[in-house]
Amino acid sequence: DLIVHVRDITHPETILQKATVLSVLKNLNLPSHLLDSMVEVHNKVDLIERYKPTEENALAISALHGHGLEELKEEIEKKILTATGKKILTVNVNLEGPQLSWLYKEATVQEVEVMPEDGTARVKVIIGNSAFGRYKNLFPN
């Protein structure tokens, strides 16, 4: 669903390495949308003082120090959701009904926050449009 190209930005041949990787990927006849949505990551930015990517949309990280990893995670999540046609939603469910079980079977449940005072839960899920349509039809409230 997504290509993440991680480069050692301190390597003296980093530009040539990028060109080589792109050439190999193009020769694999991958779908153009996959190449167009590729995430470019510049690693080891901790070794270059005040590093700023010169390439548009490149993310600067230091895997060693954890710098930029949260932004990378968010970008990957956003691109995967776009590529797969899914979205992240929070739905309220009645814990006495079958909704929570249904969501575990048909979606990816990320978080469940139980409200014991009223027997409900807030459920954060990753779900496709068609599955969410089925959910709404089965559980209109």
Side-chain angles (χ1 to χ4, degrees), residues 1-11 13-141:
D1 293 321
L2 180 66
I3 297 172
V4 178
H5 182 205
V6 180
R7 293 169 48 199
D8 174 353
I9 206 64
T10 65
H11 193 282
E13 299 294 330
T14 189
I15 302 297
L16 178 61
Q17 288 175 337
K18 177 182 178 176
T20 302
V21 167
L22 291 177
S23 175
V24 169
L25 290 173
K26 285 178 182 157
N27 287 336
L28 292 173
N29 294 320
L30 299 171
S32 61
H33 72 85
L34 199 54
L35 294 173
D36 295 340
S37 67
M38 180 169 56
V39 176
E40 178 80 17
V41 180
H42 295 177
N43 190 26
K44 297 189 180 180
V45 298
D46 56 297
L47 300 177
I48 300 174
E49 195 171 325
R50 292 196 271 299
Y51 179 78
K52 292 273 188 238
T54 56
E55 298 168 41
E56 191 178 333
N57 299 323
L59 297 172
I61 70 162
S62 168
L64 179 66
H65 297 288
H67 170 77
L69 294 182
E70 193 58 39
E71 293 85 356
L72 175 58
K73 180 182 162 194
E74 289 170 9
E75 183 68 12
I76 290 171
E77 183 176 83
K78 182 177 79 174
K79 295 246 177 150
I80 290 289
L81 290 173
T82 299
T84 60
K86 295 187 176 180
K87 54 188 161 195
I88 298 175
L89 297 173
T90 300
V91 293
N92 292 319
V93 300
N94 181 338
L95 291 173
E96 293 178 5
Q99 292 101 321
L100 187 56
S101 175
W102 190 93
L103 287 169
Y104 270 108
K105 284 186 222 160
E106 302 294 330
T108 302
V109 175
Q110 290 192 307
E111 292 175 22
V112 178
E113 182 186 351
V114 175
M115 269 69 78
E117 61 277 355
D118 62 1
T120 65
R122 275 193 213 103
V123 183
K124 183 177 175 185
V125 295
I126 300 173
I127 192 167
N129 289 330
S130 62
F132 187 58
R134 290 191 310 274
Y135 177 84
K136 288 191 297 190
N137 285 337
L138 286 168
F139 312 109
N141 295 337

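Here the side chain of Asn43 pairs a donor or acceptor atom with the backbone of Ala63 at under 3.5 angstrom. Side chain of Ser23 to backbone of Ala19: no donor-acceptor contact under 3.5 angstrom is found.
Once rounded to the nearest 0.5 Å, the distance linking CG of Asp1 with OG1 of Thr82 reads 11.0 Å. Expressed to the nearest 0.5 Å, how far CD1 of Ile15 lies from CD of Glu55 amounts to 5.5 Å. In this structure, Asn129 CG and Lys87 NZ are separated by 4.0 Å, a value rounded to the nearest 0.5 Å. Separation of atoms OG1 (Thr108) and NZ (Lys124) is listed at 12.5 Å; rounding is to 0.5 Å. Atom CD1 of Ile126 and atom CG of Leu81 lie 6.0 Å apart (nearest 0.5 Å). Note that the CD1 atom of Ile48 and the OG atom of Ser62 stand 11.0 Å from one another [nearest 0.5 Å].
Using a 4.0 Å cut-off between charged nitrogen and carboxylate oxygen, Lys73 and Glu77 do not count as a salt-bridge pair.
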Quiz item: Yes or no on side-chain contact (heavy atoms from CB on, under 4.5 Å) for Trp102 and Arg134, after CA distance, side-chain angles and deciding distance?
Solution: CA-CA 10 Å; Trp102 190 93; Arg134 290 191 310 274; 4.0 Å; yes
Self-check item: Working for side-chain contact (heavy atoms from CB on, under 4.5 Å), residues Met38 and Leu25
Solution: CA-CA 11 Å; Met38 180 169 56; Leu25 290 173; 4.0 Å; yes
Self-check item: Ile127/Glu106 under side-chain contact (heavy atoms from CB on, under 4.5 Å): CA gap, chis, key distance, verdict
Solution: CA-CA 8 Å; Ile127 192 167; Glu106 302 294 330; 5.8 Å; no
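When only modelled atom types and interatomic distance are considered, Arg122 and Thr90 share no side-chain donor-acceptor pair under 3.5 Å.
Using a 4.5 Å heavy-atom cutoff, the side chains of Tyr104 and Val123 are not in contact. His67 has its side chain out of reach of Asp46: every pair of non-hydrogen atoms, C-beta onward, lies at least 4.5 Å apart. In this structure, Ile80 and Lys86 have side chains that are not in contact, with every pair of non-hydrogen atoms separated by 4.5 Å or more.
The two atoms that bring Leu95 and Thr120 nearest to each other are CD1-O, 3.6 Å, heavy atoms only. For Asp8 against Thr14, the heavy-atom pair with the smallest separation is O-OG1, 3.4 Å. Between Asn94 and Gly119, the shortest heavy-atom distance links the atoms OD1-O, 3.6 Å. Closest of all the heavy-atom pairs between Ile61 and Gly68 is CG2-O, 3.6 Å. Pro53 and Ala58 get closest at one heavy-atom pair: CG-O, 3.7 Å.
Between Tyr135 and Phe132, the two ring planes are parallel [angle under 30°; tilted spans 30° to 60°].
More than 12 heavy atoms of other residues, nucleotides or ligands sit less than 6.0 Å from atom CD of Glu117.
Between Val39 and the options Leu2, Val6, Ile3, Asn57, a side chain to side chain contact (heavy atoms under 4.5 Å, CB included) holds for only Leu2. Exactly one of Lys52, Lys18, Arg7 qualifies for a side chain to side chain contact (heavy atoms under 4.5 Å, CB included) with His42. That residue is Arg7.
Applying the salt bridge (Lys or Arg N to Asp or Glu O under 4.0 Å) test to residues at least two apart or on different chains, none of the pairs has a partner in residues 62-72.
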